[in-house]
Amino acid sequence: MEKKFQNREENEQFNLSNDGSICGYDSLHLLLKDNLKPHHFQEVNRLLTGLNCGKALETIALPQSATALSTEHGFDLQAFCFHADKEVLREPRVVRVGLIQNSIALPTTAHFVDQKKAIFEKVRPIIDSAGSSGVNILCLQEMWMMPLGVWTRDKKWCEFAEPVDGESTKFLQSFAVKYNMVIISPILERDLNHGEVIWNTAVVIGNHGNIIGIHRKNHIPRIGEMNESTFYMEGNTGHPVFETAFGKIAINICFGRHHPLNSLIFGLNGAEIIFNPTATIGELTEAMWPIEQRNAAIANSYYFASINRVGTETFPGPVTSTDFNFYGSSYISAPDASCTPCLSHHRDGLLVTDMDLNLCRQYKDKWGFRMTARYELYAETLARYLKPEFEPQVIRDPLLH
Ligand SMILES: NC(=O)NCCC(=O)O
């Protein structure tokens with residue numbers, strides 16, 4: 001539950017104990033709401049999260065069956081609605097999207113079978129809550145079925161890898177059928193047909209429980225010790241867009257969000273919603289988190305839905321122990337530059353959001369980013385850049401020494 005304190009000093013004091021909250025609050029949004037005068041908060045909120053169709057983003061009421069699960073299991077549950085303008089020739093195309101963020105359920109030293117089982121049991125009520133909320137497309141976090149062992153160099157974590165039609169897919173297929181829901185399941189994949197190599201993969205399960213297809217992570221981080229390429233290499237599936245019963249979607253896995261051309265190409269292939277399952281930590285990316293995804297949504301006239309895991313994952317090593325502190329804060333950005341507030345910084349959560357997909361074309365028409373882009377210039381420079389004899393186009397001040 002959200003921590004509540006008598007006053008700001010107590011909140012700040014609490015933050016010193018470092019429970020992963022923001023000064024005792026679930027999110028920046030709630031911290032500001034609780035500490036600003038209502039008219040100040042209204043203005044700060046407008047500046048931080050924008051306006052959708054001229055108004056602050058509306059919240060939506062969810063069925064009691066969904067909210068009861070959040071109370072019983074202590075996960076954050078928030079619900080919002082992005083509107084589009086009314087059109088004469090097209091009906092609204094409203095899709096209900098759900099994002100799940102969660103911590104692991106057992107210490108990373110527990111038996112692997114127990115760890116995976118415990119994660120399944122942890123997400124089960126959250127998926128049920130999404131299902132009873134009428135979610136059409138649900139996305140889980142990057143490698144949701146395991147701790148983030150790929151940030152250690154310890155190859156034992158390869159044991160969590162599964163074939164595309166493995167245990168995690170089978171677990172989720174039953175929910176897809178039960179709730180008539182498309183489910184995106186980001187896993188550590190083992191490709192049995194190609195030398196048993198490992199990939200970082202999102203499996204797209206259709207609303208009839210069928211596997212529509214997969215996408216493999218395009219960009220693999222190599223940041224100091226955070227070097228996932230010791231486990232798997234850059235994906236070989238391009239930039240697929242999956243045409244589902246509820247809209248055209250694509251998955252831009254984690255590190256891909258830092259690459260604007262990666263985001264661009266999903267858009268050129270016609271994606272209306274990008275799902276961005278992520279695992280990231282505060283000291284590295286928290287200042288980027290509210291910016292990059294919103295920018296991608298604006299520049300490409302699509303929705304961008306980002307999910308980050310929560311909690312601390314401790315990996316004891318022979319000499320030192322490594323801790324990763326994930327900051328949650330899953331949220332959705334829209335083509336009109338508005339966005340939802342973030343889910344909790346430290347608790348499991350489900351974000352349910354209605355989005356009218358008509359907003360994508362309306363913003364293409366209004367801002368004309370596709371029309372005004374200079375793809376031929378970019379393509380020409382990129383083609384030259386790839387050649388060994390490339391020289392940067394720099395005009396030097398002749399008065400420089
Ligand atoms: N999982 C992953 O690619 N994380 C890298 C850090 C980041 O992009 O935030």
Side-chain angles (χ1 to χ4, degrees), residues 20 28 99-104 108 119 139-155 157-158 160-162 168 184-189 198-203 214-237 239 250-266 274-297 304-315 322-333 339 342-343 345-346:
L28 174 66
L99 309 182
I100 294 180
Q101 64 175 40
N102 60 277
S103 58
I104 54 173
T108 60
I119 294 173
C139 186
L140 290 94
Q141 67 199 19
E142 183 181 24
M143 286 181 280
W144 67 274
M145 25 60 88
M146 63 183 286
L148 215 73
V150 298
W151 284 0
T152 70
R153 296 285 171 95
D154 193 340
K155 287 301 181 96
W157 297 103
C158 293
F160 272 86
E162 302 174 12
S168 298
I184 300 158
S185 171
I187 61 167
L188 188 65
E189 181 205 344
I198 289 181
W199 299 99
N200 181 320
T201 301
V203 181
I214 63 166
H215 174 58
R216 291 176 175 148
K217 183 171 179 173
N218 274 341
H219 297 275
I220 309 299
R222 292 168 176 79
I223 313 168
E225 287 301 300
M226 186 194 285
N227 188 343
E228 294 174 20
S229 68
T230 59
F231 283 83
Y232 40 77
M233 296 303 286
E234 282 70 16
N236 59 359
T237 52
H239 294 85
I251 303 101
N252 182 350
I253 303 175
C254 194
F255 203 63
R257 75 186 186 285
H258 307 301
H259 294 272
L261 290 180
N262 196 48
S263 300
L264 168 75
I265 295 176
F266 287 119
I274 303 292
F275 290 92
N276 172 231
T278 289
T280 192
I281 48 177
E283 56 269 31
L284 189 67
T285 60
E286 203 162 1
M288 301 174 179
W289 186 253
I291 300 169
E292 289 176 303
Q293 295 92 304
R294 273 179 97 180
N295 190 49
F304 202 103
S306 287
I307 309 159
N308 184 24
R309 58 177 63 203
V310 285
T312 299
E313 296 184 15
T314 301
F315 295 91
T322 312
D323 281 2
F324 299 122
N325 299 304
F326 299 98
Y327 58 81
S329 307
S330 305
Y331 78 108
I332 299 181
S333 312
C339 68
C342 292
L343 279 182
H345 202 258
H346 62 306

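By convention here, the first residue in the shown sequence is residue 1. Just follow the structure's listing: the first ligand is 1, and inside any ligand the first atom is 1. Side-chain atoms are counted along with the backbone in the values below, which use heavy atoms only and exclude waters and symmetry mates. Just so it is clear, the model here is predicted, and its values are computed rather than measured.
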Have Asn252 and His259 got a donor and an acceptor in their side chains that come within less than 3.5 Å?
no

How about His215 and Phe266: are their ring centroids closer than 6.0 Å?
yes

Taking only heavy atoms of the protein into account, state which residues are under 4.0 angstrom from an atom of ligand 1, in chain and number order.
Glu142, Trp151, Lys217, Pro221, Met226, Glu228, Cys254, Phe255, Arg257, His258, Ala279, Thr280, Leu284, Thr285

Glu228 CD to His219 NE2 distance, which is reported to the nearest 0.5 Å
13.0 Å

From Trp151 CH2 over to Met226 CE, what is the distance, rounded to the nearest 0.5 angstrom?
3.5 Å

Return the set of residues passing ring-ring contact (aromatic ring centres under 6.0 Å, His included) with Phe231 (not counting sequence neighbours), or none when no residue passes.
none

Measuring from atom CG of Leu188 to atom CZ of Phe160, what distance do you get when rounded to the nearest 0.5 angstrom?
9.5 Å

